Amino acid sequence: MGGAPPFIARGEGSHIFDVDGNEYIDYVGSWGPLLLGHRHPEIIHALECALTEGTSFGAPTEREVELAEAIRDAVPSIEMARLVSSGTEATMSAIRLARGFTGRDLVVSSKAVITGTWIPCW
């Protein structure tokens, strides 16, 4: 495409602003997670509440149970959920589940992976 991409300084709603003060409509939305836009007031409030308790513990929490229950309620066919922090962790969990379910030890893997890591599976 050529040229240098804009260097973004901040976002507000459906718009982003670069360091030079130019305003753009954000069609990317952080590749999906920003469904409500940048700095939505309800999201800011929820984050402020969560920050008073801490953000990451590496162990199960009541908030995770509440999220899993909300997912189950939204999609009744889901019987169990595992919450993870990265695509790599999700992929590794899926491979372990598939190996356990099928009883097979081997998994076909590609060198062109999506998660950014190469997982030796054989």
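Note that this is a predicted model, so its numbers are computed, not measured.
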Could you pull out all residues at least two apart from [X] that satisfy side-chain contact (heavy atoms from CB on, under 4.5 Å)?
{"X": "Leu97", "result": "none"}
{"X": "Asn22", "result": "Asp18, Asp20, Tyr24"}
{"X": "Arg96", "result": "none"}

ask   = Can you hop from Met80 to Val65 via hydrophobic side chains spaced under 4.5 Å?
value = no
Could you work out, with side-chain hydrogen bond (donor to acceptor under 3.5 Å, both in side chains) as the rule, every residue matching [X], not counting sequence neighbours?
{"X": "Arg10", "result": "none"}
{"X": "Glu23", "result": "His15"}
{"X": "Glu62", "result": "none"}
{"X": "Arg72", "result": "none"}

key: Set of residues satisfying salt bridge (charged side-chain N to carboxylate O under 4.0 Å, His left out) with respect to Glu64, sequence neighbours excluded   = none
request  = Please name all residues satisfying salt bridge (charged side-chain N to carboxylate O under 4.0 Å, His left out) with Glu53, sequence neighbours left out, ordered by chain then number.
outcome  = Arg63
remark   = Shortest non-hydrogen pair, Phe57 vs Thr61, comes out as CD1-CG2, 3.5 Å
query = Any sub-3.5 Å donor-acceptor pair from Thr91's side-chain atoms to Gly87's backbone N or O?
reply = yes
request  = Linking directly or through intermediates, with side-chain heavy atoms under 4.5 Å: list the remaining ILVMFWY members grouped with Ile25, chain and number order.
outcome  = Tyr27
inquiry  = Test question: given the 4.5 Å side-chain rule for I, L, V, M, F, W and Y, name all other residues clustered with Val75, or answer none.
reply    = Leu67, Ile71, Ile78, Leu83
task = Sort and list the pairs that fulfil side chain to side chain donor-acceptor pair (under 3.5 Å) and have at least one residue in residues 39-50, not counting sequence neighbours.
result = Glu12-Arg39
